[in-house]
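Read the structure below first, then the notes.
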Amino acid sequence: MAASKKGTEKPKSIRPSGSSDTNFFELVHEVARQIPKGRVTSYGAIAACLGTKSSARMVGWAMNGAHKVKPKVPAHRVVNRNGMLSGKAHFETPTKMEELLKKEGIKVKDDTVVEFGRLFWDPAQELGV
DNA sequence: CGCCTGACGAAAC
DNA sequence: GGTTTCGCCAGGC
């Protein structure tokens, strides 16, 4: 089996122009959903994977609907560049995020992911870019 | 229709 | 090296 084992869809199909779709919105959700358990990633990493590396903010904004879409997106596995749970305040409860992370085996200290650099999951790397 | 805000990031100071 | 500001892009008011 050769390296990447995706073989079902290509989340990298961005629409360069023309489409007013919420593609970006859904795209972010797709990538976030593929984050393996016990791993974390950053908004900028997802943005870069999609090609909008300069718009890390848009990724976070897209997460606004993470708990509204289905299936629900594990936004708790997405943190900022510092590994800090910047979006925990937007969860059902401010502590829900770290609770979920700890439950998956990720240690959270002071609202920050411990060993973030070790647990970091790069979408562009795993998806085979 | 225009200004502000926003779950980030990186550069500038 | 820490803190502050600008930039991104889209939605809300």
Side-chain angles (χ1 to χ4, degrees):
Chain A
M1 305 143 179
S4 25
K5 51 268 316 290
K6 280 251 58 265
T8 303
E9 53 200 334
K10 271 288 244 5
K12 287 159 25 66
S13 311
I14 295 192
R15 234 97 250 284
S17 60
S19 358
S20 311
D21 301 280
T22 31
N23 252 5
F24 187 80
F25 199 83
E26 295 180 25
L27 207 39
V28 173
H29 292 167
E30 277 195 64
V31 177
R33 261 187 256 144
Q34 292 168 78
I35 302 174
K37 181 184 171 193
R39 277 293 164 68
V40 289
T41 191
S42 61
Y43 302 95
I46 297 173
C49 179
L50 302 177
T52 51
K53 58 183 190 270
S54 307
S55 309
R57 280 182 134 183
M58 301 290 84
V59 178
W61 169 76
M63 283 294 164
N64 234 315
H67 67 101
K68 305 156 66 172
V69 299
K70 16 134 214 196
K72 196 167 67 176
V73 177
H76 61 276
R77 292 181 189 151
V78 186
V79 293
N80 68 1
R81 203 65 171 145
N82 290 309
M84 189 170 130
L85 285 52
S86 40
K88 66 168 196 161
H90 292 260
F91 277 74
E92 302 171 75
T93 54
T95 53
K96 187 64 173 296
M97 190 171 184
E98 54 184 279
E99 287 288 302
L100 291 168
L101 290 172
K102 287 180 181 176
K103 194 172 294 186
E104 296 192 351
I106 301 174
K107 298 173 190 166
V108 180
K109 186 78 166 186
D110 191 41
D111 298 326
T112 307
V113 177
V114 182
E115 301 284 293
F116 173 67
R118 188 171 63 95
L119 298 172
F120 185 78
W121 178 84
D122 188 343
Q125 179 182 289
E126 300 299 308
L127 295 176
V129 176

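Since the model is a prediction, treat every value here as computed from it, not as a measurement. Convention: sequence-line order gives letters A, B, ...; per-chain numbering from 1.
- The nucleotide whose nearest atom lies closest to any side-chain atom of Met58(A) is, among dC8(C), dA10(C), dC8(B), dA10(C).
- Going from atom NE2 of His29(A) over to atom P of dA7(B) covers 15 Å, rounded to whole Å.
- A distance-only check finds no donor-acceptor pair linking the side chain of Thr112(A) to the backbone of Gly83(A) [under 3.5 Å].
- Regarding Phe24(A), its CZ atom lies at a distance of 14 Å from the C1' atom of dG11(C), rounded to whole Å.
- Nearest nucleotide to the side chain of Trp61(A), out of dG9(B), dC9(C), dG11(C): dG11(C).
- A straight line from CG of Leu85(A) to P of dC8(B) spans 11 Å, rounded to a whole angstrom.
- Summarising the geometry, atom OG1 belonging to Thr52(A) is positioned 14.0 Å from atom CZ belonging to Arg57(A); distances are rounded to the nearest 0.5 Å.
- Screening Ile35(A), Leu100(A), Ile106(A), Val108(A) against His76(A) for a side-chain contact (heavy atoms from CB on, under 4.5 Å) leaves a single residue, Leu100(A).
- The residue Ala89(A) sits apart from the nucleic acid: no heavy atom pair falls under 4.0 Å.
- Closest to the Ala56(A) side chain, of the nucleotides dA7(B), dG9(B), dA10(C), is dG9(B).
- Evaluated for a side-chain hydrogen bond (donor to acceptor under 3.5 Å, both in side chains) with Lys96(A), the options Glu98(A), Glu92(A), Glu99(A) yield exactly one hit, Glu92(A).
- One atom, CZ of Arg57(A), and another, C1' of dG6(B), lie 5 Å apart when rounded to the nearest Å.
- Taking atom CE of Met63(A) as the reference point, atom P of dG9(B) lies 12 Å away to the nearest angstrom.
- Among the nucleotides dA7(B), dG7(C), dC9(C), the one closest to any side-chain atom of Tyr43(A) is dA7(B).
- Asn64(A) comes within contact range of at least one nucleobase, with a heavy-atom separation under 4.0 Å.
- Protein atom CZ of Phe116(A) is 12 Å distant from nucleotide atom C1' of dC8(B), rounded to whole Å.
- Going from atom CZ of Phe91(A) over to atom C1' of dA7(B) covers 9 Å, rounded to whole Å.
- In this structure, Lys88(A) atom NZ and dG6(B) atom P are separated by 17 Å, rounded to whole Å.
- In terms of phosphate contacts, Ser86(A) brings a side-chain nitrogen or oxygen within less than 4.0 Å of OP1 or OP2 of dC8(B).
- No hydrogens or angles were tested; on distance alone, nothing pairs the side chain of Arg81(A) with the base of dC8(B) as donor and acceptor under 3.5 Å.
- Using a distance-only test at 3.5 Å, with no hydrogens or angles considered, no donor-acceptor pair links the side chain of His29(A) to the main chain of Pro71(A).
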